[in-house]
Amino acid sequence: MEPWDVTIVGGGILGTSVAYWLAARYDGRIAVLEQEPAVAEHASGRNTGVIHRPFYLNPEKAGVFARAAGISYHLWKRYAAEKGLPWSEVGTYEVALDDRQRAVLDEYMGYARENGMEPSEFELVDGREMARREPNVRCEAALLSKTDTAVDYQAFTRALKVDAEALGVRFLTGTGVTSVEASAEGLAIGLARTRDTARTRYLIGCAGGGAIDLAHAAGVGLEYTDLHFRGEYWVIQPKAADLARRNVYSVPRHGDLPFLDPHWIVRANGTREIGPNAVPVSGPTSYRGLIRPLGPWVAKFFEPPVYNKVRLLLDKDFVSLSVREMWSSISRAEMLRRVQRFLPALRLEDLVSPGTAGIRTPVVDRHGHIVKEAIEVPGPHSYHILNYNSPGATGAPAFAARLVDRLAARGDLDHLRNDPKPQKVWDWDAIARAMGFPGPAS
Ligand SMILES: Cc1cc2nc3c(=O)[nH]c(=O)nc-3n(C[C@H](O)[C@H](O)[C@H](O)COP(=O)(O)OP(=O)(O)OC[C@H]3O[C@@H](n4cnc5c(N)ncnc54)[C@H](O)[C@@H]3O)c2cc1C
């Protein structure tokens with residue numbers, strides 16, 4: 001069979017968005033290989049479901065993510081309206097519990113402006129005003145981001161898959177990739193289920209929790225390793241739903257590990273949940289269990305490069321935080337206690353059942369540091385996106401458009417015929433202007 005011109009590995013929201021834009025801009029044989037029977041079965045279908053406005057992203061450190069999130073809010077809004085998908089602009093209160101956190105809110109006000117949010121979209125509220133608006137929420141002050149929105153990212157990804165298919169993309173679900181070897185025409189890809197080999201001229205790795213393994217299989221990104229943290233939620237009984245009308249997030253206690261503090265969440269269907277925590281687990285699909293079975297843990301620890309993890313584990317704060325996170329998985333009371341810091345009226349009996357857990361996969365560098373930004377690693381006939389974490393679902397359409405532009409600028413898409421098709425919902429040129437591309441080739 002003819003080789004694929006471009007193969008995208010991973011049918012999450014990122015891989016699906018990349019496939020959509022590739023086919024919208026180019027003609028060629030484009031395939032998405034997804035190991036699960038459907039798209040968005042992992043992080044993209046198991047997250048908090050919030051369109052995050054970029055008020056909390058430092059534009060100097062998280063410039064691309066901040067821009068992508070800022071623009072994608074408008075893209076998803078139009079997309080949801082066009083497809084009739086859930087869109088609930090519930091808004092988020094980011095609450096400060098002490099003076100240090102109050103100062104962080106001032107910083108966030110600056111970020112919101114620098115990241116292009118309209119002054120009418122956010123507001124600083126003092127403790128007294130909060131007591132009037134949300135009497136059950138205890139805080140010194142809060143920043144209200146009025147347009148944070150509850151959505152269903154799995155529904156977005158499925159709809160986008162249909163659009164990509166209409167443009168000619170083939171989604172091969174149930175097709176896991178086990179190996180990547182250089183071949184005369186490009187790459188030979190080993191397939192898990194059939195043990196067949198697929199051939200491709202070019203590969204784009206968008207494999208989420210499997211991204212590091214895929215990059216290592218292709219012989220790149222060898223200086224990085226990863227960790228997996230399961231984020232668990234508790235569903236709140238309907239009787240307690242009015243404890244807060246909007247999302248309530250607290251300023252992260254550990255700026256380096258912003259995903260540690262659980263929130264009060266309003267889901268797109270109106271139900272309330274608290275979560276997620278961040279429990280270390282042994283793999284990207286370890287949705288159950290903690291320490292047992294031991295085998296996968298041992299394998300995970302000794303996976304090369306071991307040195308990165310050894311350095312991280314020498315960090316006593318990291319180890320004690322991880323143990324506490326594991327405790328929050330075992331103890332419902334511990335999860336409750338964390339949220340009671342800002343919502344003291346919440347009771348143990350309000351936490352009625354576990355929600356759908358999702359797994360984050362942060363990358364660890366050779367200094368033992370958890371990397372904050374997405375990492376882009378070019379390889380022979382390939383390009384890999386690693387560490388594509390929150391707010392990755394929010395920013396996916398703009399991030400993917402920028403990626404396609406970047407690959408074109410590198411000459412990696414020269415084997416495809418440039419053929420921009422008219423778009424009904426999204427405007428490539430407007431996204432390009434807002435994201436600041438065509439960008440420099442790297
Ligand atoms: C608990 C949690 C809460 C979050 N909350 C939010 C939020 O509210 N808002 C927000 O914007 N972001 C949020 N995020 C982040 C967001 O969900 C992710 O950034 C985004 O979904 C990543 O998309 P992805 O396509 O890169 O990864 P994924 O959705 O994980 O997709 C990767 C795909 O690759 C497939 N794959 C992996 N390896 C292989 C292989 N070898 N062969 C074939 N297929 C393979 C997997 O099966 C998977 O389907 C959250 C994440 C988590 C975990």
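Remember, it's 1-based here, ligands and their atoms both numbered in the order they're listed. Just the heavy atoms: all of them, side chains too, but no hydrogens, waters or symmetry mates, feed the values below.
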Enquirer: Between the candidates Gly205, Gly45, Ser390, Gly208, which shows the shortest non-hydrogen contact distance to atom 12 (N) of ligand 1?
Expert: Ser390
Enquirer: Indicate the ring-plane relationship of Phe399 and Tyr388, choosing parallel, tilted or perpendicular according to the 30° and 60° boundaries.
Expert: tilted
Enquirer: Examine the side chains of Arg53 and Ser145 and answer whether a donor and an acceptor come within less than 3.5 Å of each other.
Expert: no
Enquirer: Counting heavy atoms only, which of Ala69, Ala393, Ala38 is nearest atom 16 (C) of ligand 1?
Expert: Ala393
Enquirer: Which of the numbered atoms in ligand 1 are below 4.0 angstrom from a heavy atom of Thr394?
Expert: 9 (N), 10 (C), 11 (O)
Enquirer: Indicate, as side chain, backbone, both or neither, the part of Ile359 found under 4.0 angstrom from ligand 1 when only non-hydrogen atoms are considered.
Expert: backbone
Enquirer: Is it the case that the ring center of Tyr20 lies less than 6.0 angstrom away from the ring center of Trp428?
Expert: no
Enquirer: Using a 3.5 Å cut-off on N or O atoms only, is Val50 in polar contact with ligand 1?
Expert: yes
Enquirer: Please identify which atoms of ligand 1 are closer than 4.0 Å to at least one heavy atom of Tyr153.
Expert: 9 (N), 11 (O)
Enquirer: Going by distance alone, is a donor N or O of one side chain under 3.5 Å from an acceptor N or O of the other, for Tyr93 and Glu134?
Expert: no
Enquirer: List the closest protein heavy-atom neighbour of atom 42 (N) of ligand 1: residue, atom name, distance to the nearest 0.1 Å.
Expert: Val177 N, 2.9 Å
Enquirer: Would you please determine whether Thr175 falls within less than 4.0 Å of ligand 1 on a heavy-atom basis?
Expert: yes
Enquirer: Once you measure the plane-to-plane angle for Phe55 and Tyr108, does it fall in the parallel (<30°), tilted (30-60°) or perpendicular (>60°) bin?
Expert: perpendicular
Enquirer: For Asn47 and ligand 1, does the shortest N/O to N/O distance drop below 3.5 Å?
Expert: yes
Enquirer: May I ask you to identify, for Ile51, whether its side chain, its backbone, both or neither come under 4.0 Å of ligand 1 on a heavy-atom basis?
Expert: neither
Enquirer: Mind telling me whether Trp76 and Trp426 have parallel, tilted or perpendicular rings, with 30° and 60° as the class edges?
Expert: perpendicular
Enquirer: When you measure from atom 34 (O) of ligand 1 to every protein heavy atom, which one gives the shortest distance, and what is it?
Expert: Gly10 CA, 3.2 Å
Enquirer: Cation over ring, Arg201 on Trp4, under 6.0 Å and within 45°?
Expert: no
Enquirer: Any N or O of Thr48 that comes nearer than 3.5 Å to an N or O of ligand 1?
Expert: yes
Enquirer: Side chains of His384 and Glu376: any donor to acceptor distance under 3.5 Å?
Expert: no
Enquirer: Should you measure from each heavy atom of Asn389, which atoms of ligand 1 turn up under 4.0 Å away?
Expert: 19 (O)
Enquirer: If we ignore angles and hydrogens, is there a donor and acceptor under 3.5 Å between the side chains of Asp412 and Tyr202?
Expert: yes
Enquirer: Give a yes or no on whether a salt bridge exists between Glu165 and Arg170, defined as a side-chain N under 4.0 angstrom from a carboxylate O.
Expert: no
Enquirer: If I apply the N/O under 3.5 Å rule, does Ile13 come out as touching ligand 1?
Expert: yes
Enquirer: Do you see a donor-acceptor pair shorter than 3.5 Å between the side chains of His52 and Thr394?
Expert: no
Enquirer: For Arg366, is the CZ atom crowded, meaning more than 12 foreign heavy atoms sit under 6.0 Å from it?
Expert: no
Enquirer: Looking at non-hydrogen atoms alone, which of Ala150, Ser44, Gly174 comes nearest to atom 29 (O) of ligand 1?
Expert: Ser44
Enquirer: With no hydrogens and no angle check, do the side chains of Tyr287 and Thr356 hold a donor and an acceptor under 3.5 Å apart?
Expert: no
Enquirer: Once you restrict to heavy atoms under 4.0 Å, what part of Ile385 touches ligand 1? Side chain, backbone, both or neither.
Expert: neither
Enquirer: For atom 39 (C) of ligand 1, what is the closest protein heavy atom, and at what distance to 0.1 Å?
Expert: Gln35 OE1, 3.5 Å
Enquirer: Quick check on contacts: which atoms of ligand 1 are under 4.0 angstrom from a heavy atom of Gly49?
Expert: 8 (O)
Enquirer: Please determine whether a side-chain nitrogen of the Lys or Arg among Arg46 and Glu41 lies less than 4.0 Å from a carboxylate oxygen of the Asp or Glu.
Expert: no
Enquirer: At less than 4.0 angstrom from any non-hydrogen atom of Leu33, what atoms of ligand 1 do you find?
Expert: 43 (C), 44 (N)
Enquirer: Which residue is it: Arg338, Glu232, Arg230? I am looking for the one with a side chain to side chain donor-acceptor pair (under 3.5 Å) to Asn277.
Expert: Glu232
Enquirer: With the threshold set at 4.0 Å, does a side-chain nitrogen-carboxylate oxygen contact exist between Lys83 and Asp163?
Expert: yes
Enquirer: Which residue supplies the protein heavy atom nearest to atom 49 (O) of ligand 1, what is that atom called, and how far is it?
Expert: Glu34 OE1, 2.7 Å
Enquirer: Show me which atoms of ligand 1 lie under 4.0 Å from any heavy atom of Gly176.
Expert: 42 (N), 43 (C)
Enquirer: Considering heavy atoms of the protein only, find what lies nearest to atom 18 (C) of ligand 1 and give residue, atom and distance to 0.1 Å.
Expert: Tyr388 O, 3.8 Å
Enquirer: Only one of Trp21, Tyr383, Phe437 clears side-chain contact (heavy atoms from CB on, under 4.5 Å) with Leu403; which?
Expert: Tyr383
Enquirer: Can Glu41 be said to touch ligand 1, with heavy atoms closer than 4.0 Å?
Expert: no
Enquirer: Classify the contact between Trp76 and ligand 1 as side chain, backbone, both or neither, using a heavy-atom distance cut-off of under 4.0 Å.
Expert: neither
Enquirer: Tell me which protein heavy atom sits closest to atom 7 (C) of ligand 1, plus the residue, atom name and distance to 0.1 Å.
Expert: His52 NE2, 3.4 Å
Enquirer: Checking contacts here: is it the side chain or the backbone of Cys206 that comes within 4.0 Å of ligand 1, counting heavy atoms only? Could be both or neither.
Expert: backbone
Enquirer: Hey, is Tyr233 one of the residues with a heavy atom under 4.0 angstrom from ligand 1?
Expert: yes
Enquirer: Heavy-atom contacts under 4.0 Å between Arg360 and ligand 1: side chain, backbone, both, or neither?
Expert: both
Enquirer: Considering non-hydrogen atoms of the protein only, which is the closest contact for atom 30 (O) of ligand 1, and what is the distance?
Expert: Ala43 N, 3.4 Å
Enquirer: Within the 4.0 Å heavy-atom shell around Glu36, which atoms of ligand 1 are there?
Expert: 47 (O)
Enquirer: Among all protein heavy atoms, pick the one closest to atom 37 (C) of ligand 1 and tell me residue, atom and distance.
Expert: Ala207 O, 3.1 Å
Enquirer: When you check the gap from the basic side-chain N to the acidic O, do Glu114 and Arg67 get nearer than 4.0 Å?
Expert: no
Enquirer: How does Val9 reach ligand 1, by side chain, by backbone, by both or by neither, if only non-hydrogen atoms under 4.0 Å count?
Expert: side chain
Enquirer: Does Leu214 have a heavy atom less than 4.0 Å from any atom of ligand 1?
Expert: no
